Each structure stands twice: as C-alpha cells, then as structure tokens.
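Here's the structure, in structure tokens; my notes come after.
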2 protein chains.
Amino acid sequence: MTIQFAILGLLSWQSLSGYDLKKIFADSAVLYWSGNNNQIYKALLQLHEQGLVTQEIQNQEYLPAKKTYTITEKGRTALKAWVRSTPELPEVHNAFLIQLSWADLLTEEELSATLKRYEEEVQVQLLMQKEKARRMGPSSARSPRETYLWEMTLKNIVSVYENELTWVRQVREGLLHLSP
Amino acid sequence: MTIQFAILGLLSWQSLSGYDLKKIFADSAVLYWSGNNNQIYKALLQLHEQGLVTQEIQNQEYLPAKKTYTITEKGRTALKAWVRSTPELPEVHNAFLIQLSWADLLTEEELSATLKRYEEEVQVQLLMQKEKARRMGPSSARSPRETYLWEMTLKNIVSVYENELTWVRQVREGLLHLSP
DNA sequence: ATAAGCATGTAAAGCGTTACATGATTTG
DNA sequence: CAAATCATGTAACGCTTTACATGCTTAT
C-alpha cells in the first residue's frame with residue numbers, strides 16, 4: 001500500500017503522468033519498487049477513486065491519450081498524515097547471508113571466490129549509488145530543509161552499501177586468519 | 001524460490017518438521033520470511049516432489065501425525081550448487097526514507113518528533129539483535145569455519161542497525177544546525 | 001478458565017514481477 | 001534496419017501475509 005503514498009509524494013512535488021512516474025521509479029533506489037505498469041496504473045486508479053488526485057487528459061495524435069495527475073487538497077492531507085505516522089523499520093532481504101550460513105559445504109577456494117564476487121558486486125553498487133547521488137546535485141527542492149532531507153536519504157543508501165562493503169572485507173580478512 | 005534453499009540449508013544441519021522450521025523462521029532475522037504455514041508446508045511438498053528431502057511420518061496420539069524431513073544426497077548437491085552460485089545483492093525496503101523525502105510538509109516539531117521516534121525504534125531493534133547474537137553463543141556448528149560464518153552473519157545484521165542509528169543521529173544533528 | 005504449545009493443513013486476498021499488446025516517431 | 005522513446009493498459013503467474021480450521025495437553 002505504500003506505493004500509493006510514494007506516488008502521492010511525487011505528485012505533491014509536481015504533476016506527472018503514469019509514464020513519468022514509471023521512469024522515476026525505475027532509476028530510484030529509495031523508491032524500491034520495480035515501477036512496473038501494473039502497479040503504477042492501478043495505484044493511480046485507486047488514488048483517483050479516493051479523490052486524492054485529479055486527472056487531466058491530453059489527446060495526442062498517433063499516441064494514446066496522456067493523463068496527467070495532480071494531487072488534491074485531500075491528497076495533501078492524506079500524505080501529510082502518512083508522513084507524520086509511525087515510521088517503519090527498514091526491511092532487509094539479504095539472501096547472501098543465507099548462502100554464507102551454509103557455505104561450510106564449500107572448499108576454501110570456492111568460499112573465497114564467492115566472497116570476492118560479493119565484494120565486487122557491492123562495490124559496483126556503491127559506485128553506482130554515489131554517482132546517482134552526485135548527479136542529483138542542486139535539485140528542485142522547495143526549501144533548504146527539503147534539500148537537506150533529500151541529501152540525507154541519498155546518503156543513507158550510500159552508507160548501507162559502504163557498511164556492507166566494510167563487513168564483507170572483514171569476513172574475508174577473518175577467514176585468512178582462521179586456519180593457516 | 002529462495003525459501004526452498006533456506007529450508008534445505010536448515011535440513012542440511014539437522015532433520016526437522018514443518019513446525020520446527022516455522023519456529024526457526026519466526027525468530028530469525030537472517031531468514032527474512034514470516035515463516036507462515038502456507039509457505040513452509042508448500043515448500044516442503046515441493047522439495048519432496050523433487051526428491052531433495054525424504055519424510056518420515058510419526059503417528060502420535062491426540063495430535064496430527066508429525067512429519068520429519070531429512071535431506072537427501074540429491075538435496076545436498078542442489079544446496080551446494082546454490083551456495084556456490086552468484087550471490088545476490090541485499091534488497092533494502094526502507095519506507096522511512098520515502099516519508100523523510102516528503103517530510104518538508106511537517107512543522108519543525110513534527111519532523112523532529114518523527115526522527116526521534118525512528119531513532120528509538122532502531123535502537124530497540126539493535127538491542128534485540130545484539131541480545132539474539134549473544135544468546136547464540138557457542139552453538140552446534142559443524143566446524144570452526146561454520147562457527148565463524150554464523151558469527152559473521154549475525155554481526156552483519158547488527159551492523160546494519162548500527163549504521164542506521166548512526167545515520168539518523170547525524171540527520172537530527174544536522175537539522176539543528178540548519179535553521180537556528 | 002484461559003492461554004500457550006503442539007502439529008498439520010486450507011482459503012482468500014493482496015502484493016509484485018514479467019510478459020504481452022498496440023503503434024507512430026526518433027535515434028543510432 | 002533495429003532499437004529506443006512515448007504512452008497506455010491487460011493477463012498470468014508466483015510470492016507473501018493473514019486468517020481459518022481442528023483438537024488434545026500443559027502451564028498460569
């Protein structure tokens with residue numbers, strides 16, 4: 001259900017079409033949904049039914065009619081209530097930890113290869129996230145406070161991967177000293 | 001599909017019933033599924049169909065027959081292949097970051113209250129995870145290497161919450177210096 | 001007496017992903 | 001000539017959660 005509020009949040013910032021939203025979801029790490037059609041168009045329908053957004057239809061030649069969604073006052077109120085509501089803890093799904101739990105089945109070489117690959121993948125992600133954060137740069141926030149909050153959400157994601165990278169290096173280091 | 005391998009991993013360590021598995025899932029942070037009946041009993045059926053586990057039925061008075069599942073050689077091979085396979089990156093779903101993104105709608109007091117509540121919740125989780133890690137202590141691992149790996153998976157989870165705690169404190173600190 | 005533990009399973013509903021479908025325009 | 005962009009939507013499938021159903025035993 002949170003995807004509705006994620007969309008409402010984006011619309012509180014500017015009016016957008018489903019297609020626009022789809023692209024925003026696709027390259028955001030904070031908005032962790034895939035942003036597929038099914039979810040977005042359905043959520044927009046529901047928001048519309050609830051009166052939290054209005055839609056404006058622009059007919060186009062050769063293309064399906066574009067629907068631009070705008071948040072209503074009721075929508076702003078609902079969004080504000082959600083933002084004020086009790087924060088949820090992050091949910092982390094780390095399948096690699098499960099793999100590691102049973103990695104004693106592997107030879108030393110296999111285990112060290114797996115750990116090395118994981119470190120590399122985390123590092124690639126970290127660089128990608130840092131690049132994204134850099135590109136955001138001076139954005140169209142509505143206030144200095146909003147700029148600060150957006151910076152900090154990006155920093156959060158970077159820090160998660162940095163933490164993971166530090167951890168996996170520690171694991172590899174520790175393994176070397178385990179059975180020489 | 002990973003839940004099958006999670007179960008297979010647990011069975012590689014000792015034979016268990018669906019009910020046993022359910023309890024293990026319920027209080028594990030690494031095994032991030034809720035561990036509800038539907039998932040576990042279905043997964044066990046599928047593992048059985050694939051010949052990766054065998055079941056032994058113990059009839060009990062006054063209680064439904066208990067089915068104890070044991071991993072087969074084929075199951076061990078499948079598990080080993082999965083453990084060796086390309087590691088996935090962690091998936092983090094942090095709804096709080098989305099809330100923060102639109103928190104400019106709130107007054108200073110409301111925002112600072114939300115951040116404080118989040119810090120408290122993260123801290124509670126951190127203590128709970130540390131306590132769990134402590135209680136694990138000297139466990140029934142099959143080798144010193146497995147003991148080490150299990151320790152490190154627990155440390156990973158603790159580090160995730162520590163990282164989150166450090167971050168939210170930084171956010172609060174930064175807000176104070178933003179607009180005095 | 002009430003609740004928790006043991007032990008299995010089913011039903012229903014929601015969430016999420018991939019793929020399909022259309023079809024002109026622009027870019028490589 | 002192929003692929004991507006624009007722009008909407010549907011279908012099918014699988015994952016995940018909550019709740020329901022049974023029923024005896026043990027602890028509070």
Side-chain angles (χ1 to χ4, degrees), chain A residues 1-7 10-11 15-50 53 55-70 88-89 91-95 98, chain B residues 1-7 10-11 15-50 53 55-70 88-89 91-95 98:
Chain A
M1 273 304 144
T2 325
I3 196 171
Q4 290 196 22
F5 290 109
I7 290 175
L10 289 167
L11 293 180
S15 293
L16 295 161
S17 68
Y19 190 75
D20 294 330
L21 287 163
K22 192 181 156 163
K23 280 186 296 180
I24 292 172
F25 276 86
D27 62 53
S28 164
V30 179
L31 305 168
Y32 46 79
W33 298 269
S34 74
N36 62 81
N37 295 355
N38 220 326
Q39 257 175 307
I40 288 178
Y41 291 116
K42 198 178 128 215
L44 284 171
L45 266 179
Q46 289 166 343
L47 288 170
H48 194 233
E49 277 167 26
Q50 294 169 250
V53 301
Q55 63 173 200
E56 194 196 345
I57 299 172
Q58 293 118 38
N59 286 306
Q60 303 177 107
E61 272 190 300
Y62 310 125
L63 280 175
K66 180 173 172 169
K67 296 177 183 174
T68 303
Y69 291 89
T70 303
E88 287 168 53
L89 286 169
E91 276 176 54
V92 183
H93 289 192
N94 196 341
I98 305 175
Chain B
M1 273 305 144
T2 326
I3 197 172
Q4 289 195 23
F5 290 109
I7 290 175
L10 289 167
L11 294 179
S15 294
L16 296 162
S17 68
Y19 190 76
D20 295 330
L21 287 163
K22 191 180 157 165
K23 281 186 296 181
I24 292 172
F25 275 86
D27 62 53
S28 164
V30 180
L31 306 169
Y32 46 79
W33 299 269
S34 74
N36 61 82
N37 296 355
N38 220 326
Q39 258 175 309
I40 286 176
Y41 290 116
K42 198 177 129 217
L44 283 170
L45 266 180
Q46 288 166 344
L47 288 170
H48 193 232
E49 276 167 25
Q50 294 170 251
V53 301
Q55 64 172 200
E56 194 196 343
I57 300 172
Q58 291 118 40
N59 286 307
Q60 303 176 106
E61 270 190 300
Y62 310 125
L63 279 177
K66 179 173 173 169
K67 296 177 182 173
T68 304
Y69 291 88
T70 303
E88 286 168 53
L89 286 170
E91 275 175 56
V92 183
H93 290 192
N94 195 342
I98 306 175

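Order of the sequence lines fixes the chain letters, A, B, ..., with proteins taken first and strands second; residue numbering starts at 1 for each chain. Side chains are part of it too, since the values below use all heavy atoms of this structure and drop only hydrogens, waters and symmetry mates. Quick caveat: nothing in here was measured; it's all calculated off a predicted structure.
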Please classify the nucleic acid contact of B:K23 as base, sugar-phosphate, or nothing, using heavy-atom distances under 4.0 Å.
sugar-phosphate

Between P on D:dA11 and CD on A:Q39, what's the gap in Å once rounded to a whole number?
18 Å

When rounded to the nearest 0.5 Å, the distance separating OH of B:Y32 from CD1 of A:I98 is 5.0 Å

Indicate whether the side chain of B:T70 and that of B:E56 have a donor and an acceptor atom separated by less than 3.5 Å.
no

For the side chain of B:N37, counting heavy atoms from C-beta on, which of C:dA7, C:dG9, D:dT8 is nearest?
C:dG9

Per B:W33 side chain, nearest of listed nucleotides D:dG9, D:dT8, D:dT17
D:dT17

Rounded distance (Å) that lies between atom P of D:dT16 and atom CD of B:Q46
12 Å

Rounded off to whole Å, could you give me the CG-to-P distance for the A:L44 and D:dG9 pair?
9 Å

Tell me whether the side-chain N/O atoms of B:Q60 come closer than 4.0 Å to OP1 or OP2 in C:dA7.
yes

Hey, does the side chain of B:S34 come within less than 4.0 Å of D:dT16's phosphate (OP1/OP2), counting only N and O?
no

Residue B:Q46 excluded, over 12 heavy atoms near CD under 6.0 Å:
yes

Find the distance A:K42:NZ to D:dT10:P and express it as a whole number of Å.
12 Å

How long is the line joining CG of A:N36 and P of C:dG14, in whole Å?
18 Å

If you assign each of B:S17 and A:N38 to its closest nucleotide in DNA chain C, which residue comes earlier from the 5' end?
B:S17

Could you state the OH-C1' distance from B:Y41 to C:dT10, rounded to the nearest angstrom?
12 Å

Under 30°, 30 to 60°, or over 60°: which ring-plane class applies to A:Y69 and A:H48, parallel, tilted or perpendicular?
perpendicular

Whole Å only: how far is the CD1 atom of B:I40 from the C1' atom of C:dA7?
12 Å

Evaluation steps, side chain to side chain contact (heavy atoms under 4.5 Å, CB included), between B:I7 and B:V53
CA-CA 10 Å; B:I7 290 175; B:V53 301; over 6 Å; no

Closer than 4.0 Å, any side-chain N/O of A:Y19 to the OP1 or OP2 of D:dC6?
yes

B:K22 atom NZ is separated from D:dT18 atom C1', nearest whole Å, by 12 Å

